[in-house]
Each structure stands twice: as structure tokens, then as C-alpha cells.
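First comes the structure, then the notes that go with it.
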Number of protein chains: 2
Amino acid sequence: MQIGELSERAGVSHRTIHYYERLGLVKPAEREGTGYRYYDEVAVKRLEKIAALKRLGLRLDEIAAVIDLYFEDANGIKGKERVLEILEAQLVNADAQLDELTAFKRDLESNITRMQELIAQARRT
Amino acid sequence: MQIGELSERAGVSHRTIHYYERLGLVKPAEREGTGYRYYDEVAVKRLEKIAALKRLGLRLDEIAAVIDLYFEDANGIKGKERVLEILEAQLVNADAQLDELTAFKRDLESNITRMQELIAQARRT
DNA sequence: CCTAGATCTACACCCAACGTCAGGTTTAGG
DNA sequence: CCTAAACCTGACGTTGGGTGTAGATCTAGG
């Protein structure tokens, strides 16, 4: 698959794929002589995983540090202690984010109720 | 309180406060002639709320759209329907984020376990 | 074989959210 | 009253995460 198809299937522009490649987030099985990049199915999954990690608020360099964990053979991963550190830091972070998000949601719900009451009241008068 | 104290207490730089003011996120009870900005206690709370909303991934313009909800008298709020819409959209968003974050956490935990096993195994050999 | 359409590289530019710098004004304390 | 410390504004720089564009090259279908 060429970059155009990958781009379409993963929902990112080909410019973004080039950019990610420079940052070491994705790499094609590039055809030797020509310059054209060719990708396999795994590349689609990889870009989707990157998008998911981005939604969680990770920066691209942080994603680069752990993305291989999801796609390489685990036995081949270098610097396991370092990866472990990163994962544990992310876990702490995720917990904090969960707490904050839960509180935010409670806040939101009470504000929504308040707004609905105010609107209903305004309608009655 | 002047901008220096506010800055220190809220944990943001004075340039950030200037920037937020331009975006309509905060406004001082500015002394008329002089140019110096003076703030009250509410300003500290307001900056803290802004920081909290930022941590949830809202952009500054989105925060600007709802921040008054937290500090103005609710009866004085204009465009209640619009505010309600924004809040409900944020609620949907927060739910999605919660789901994603929960799944991410599960993932993280299983990866941490895997890493720990690999490290222990490497140590034994 | 030839051309349209897909890709290539490189550089420039964009936006958000600030930080830095410079030069001028205001305030507070001795 | 005088000066250091705090404050002001405006212009420019920076980082992260990209997008736009130009000019050249490659590939595929008629």
C-alpha cells in the first residue's frame, strides 16, 4: 500500500505521515531504489494507536518512546527498565487524569441541571 | 493584590495573565488612571479553574466560553441555551475520554506486568 | 511511449500558548 | 524626595504539531 491509501485509511494526511516518520513514529517498508514508500496493514494499526495515545494527552515524543511496545516482539525491546519507568509514570498520570475528569463530570452535570432549571424558569415568566 | 502576587499565588507568570486578559479569560479591577492592575481573591480561584479546565484538554477559547459560568451570578448569564449546549458537548466528551482513559489504564497495567516479568527473567539468566 | 496522477524532498508558513527583551512608567519605603 | 522594585506595552522568539507549496521524479494505463 502506498502513502495515499495509508493516509486515507488511517485518517491522517500524507504530510503528517512524513512528519511522524521524521520523529521515528512510523517507518515504511520502503522500496529500495525508487523513493516511494510502501506500507503493510500494521502501519494502519500503528497510526490508529498513535491517534489513541494522542487523545490521552501524550506528546509525540512520549508516544515514540513506547509505541514499539505495542508492535515489536516484547523480547526484542531494548531498555526495558526505561520503558517500565515511562509506563509507570503514565499510569500515575492516568490515575490523576481519571480523578480530575470524574470531578469535572460531576461539576458539569450539576451545572447542566442548573442551566436547565434557569431556562425552564425563564420560560414560565 | 497586584499582578505579581496573583501570579505567584496562582502559579502562572504575569505574562500569562496579560495573555489571558487579552483573550477575555480574566479581567482586573484595574485602577483607573495608573495602568497597574489590581485583583481580588476571586481572580486566584479563576486562574485555578482555568488551569483545571486546561488539564482536561480544553483550549483557551473554549474555556473563555464557559468560565463565567463558574464565577458570575447564574441569573446574569446571557445565552443560557448556548451555555447548556457547550456543557452538554463537554459532557459527551468527558464520557468518551473516561472510557478511553480506562481502557488505556488497563493496557498500561498489563504492559507493566509484562515488562516486570521480562526484566525478572533477564535477571535470572 | 507518453501523459496524468501519485510521490518525493525541502523550505516556508500556521496556530496555540506562552516567554523574552527593551524601554518607559509607577509605587513604596527609607 | 529619590531610587529600587514592580509594573506597563509592544515586538519578536519558541515549541509542538502540523499544513502548503514548488519543482522534480515515478508509476500506470491507454
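Order of the sequence lines sets the chain letters (A, B, ...), proteins ahead of strands, with each chain counted from 1.
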- Message: Any N or O donor-acceptor pair under 3.5 Å from the base of C:dT20 to the side chain of B:Arg15?
- Response: yes
- Query: How many Å lie between CD1 on B:Ile63 and P on C:dA16, as a whole number?
  - Reply: 13 Å
- Query: Does B:Glu5 CD have over 12 foreign heavy atoms under 6.0 Å away?
  - Reply: yes
- Item | Minimum-distance nucleotide to B:His18 side chain [options: C:dC18, D:dT9, C:dC8] | D:dT9
- Closer than 4.0 Å, any side-chain N/O of B:Tyr20 to the OP1 or OP2 of C:dC18? yes
- Could you tell me whether the phosphate oxygens of D:dC8, OP1 or OP2, come under 4.0 Å of any side-chain nitrogen or oxygen in B:Arg37? yes
- Hey, is the side chain of A:Tyr36 pairing donor to acceptor with the base of D:dC26 inside 3.5 Å? yes
- Can you tell me how far the CG atom of A:Leu84 sits from the CG atom of B:Leu118, to the nearest 0.5 Å? 10.0 Å
- Establish, with yes or no, whether the OP1 or OP2 oxygen of C:dG19 is under 4.0 angstrom from a side-chain nitrogen or oxygen of B:Thr16. yes
- Query: Is A:Arg37 reaching over with its side chain to a backbone N or O of A:Met1, donor-acceptor style, under 3.5 angstrom?
  - Reply: no
- Query: Can you check the A:Glu8 CD to C:dT7 P distance for me, whole Å?
  - Reply: 10 Å
- Check A:Gln2 against A:Tyr36 and note the closest heavy-atom contact, atom names and distance. OE1-CD2, 4.1 Å
- Taking OP1 and OP2 of C:dT27, is either one under 4.0 Å from a side-chain nitrogen or oxygen of B:Thr34? yes
- Message: More than 12 heavy atoms of other residues, nucleotides or ligands under 6.0 Å from CD of A:Glu109: yes or no?
- Response: yes
- Query: Hey, which of these two, B:Asp61 or A:Ile3, hits DNA chain C nearer its 5' end, going by closest nucleotide?
  - Reply: A:Ile3
- Query: Atom OH of B:Tyr19 to atom P of D:dG10: distance rounded to whole Å?
  - Reply: 16 Å
- Message: Just the rounded figure in Å: distance from P of C:dA28 to CD of B:Glu5.
- Response: 13 Å
- Quick one: A:Leu60 CG to D:dT19 P, roughly how many Å, whole number? 11 Å
- Task: Quickly work out the B:Ile50 CD1 to C:dA16 P distance and round it to whole Å.
- Result: 17 Å
- To the nearest Å, give me how far apart OH (B:Tyr39) and P (D:dA6) are. 17 Å
- Starting at CD of B:Gln2 and ending at P of C:dT25, how long is that distance when rounded to a whole Å? 18 Å
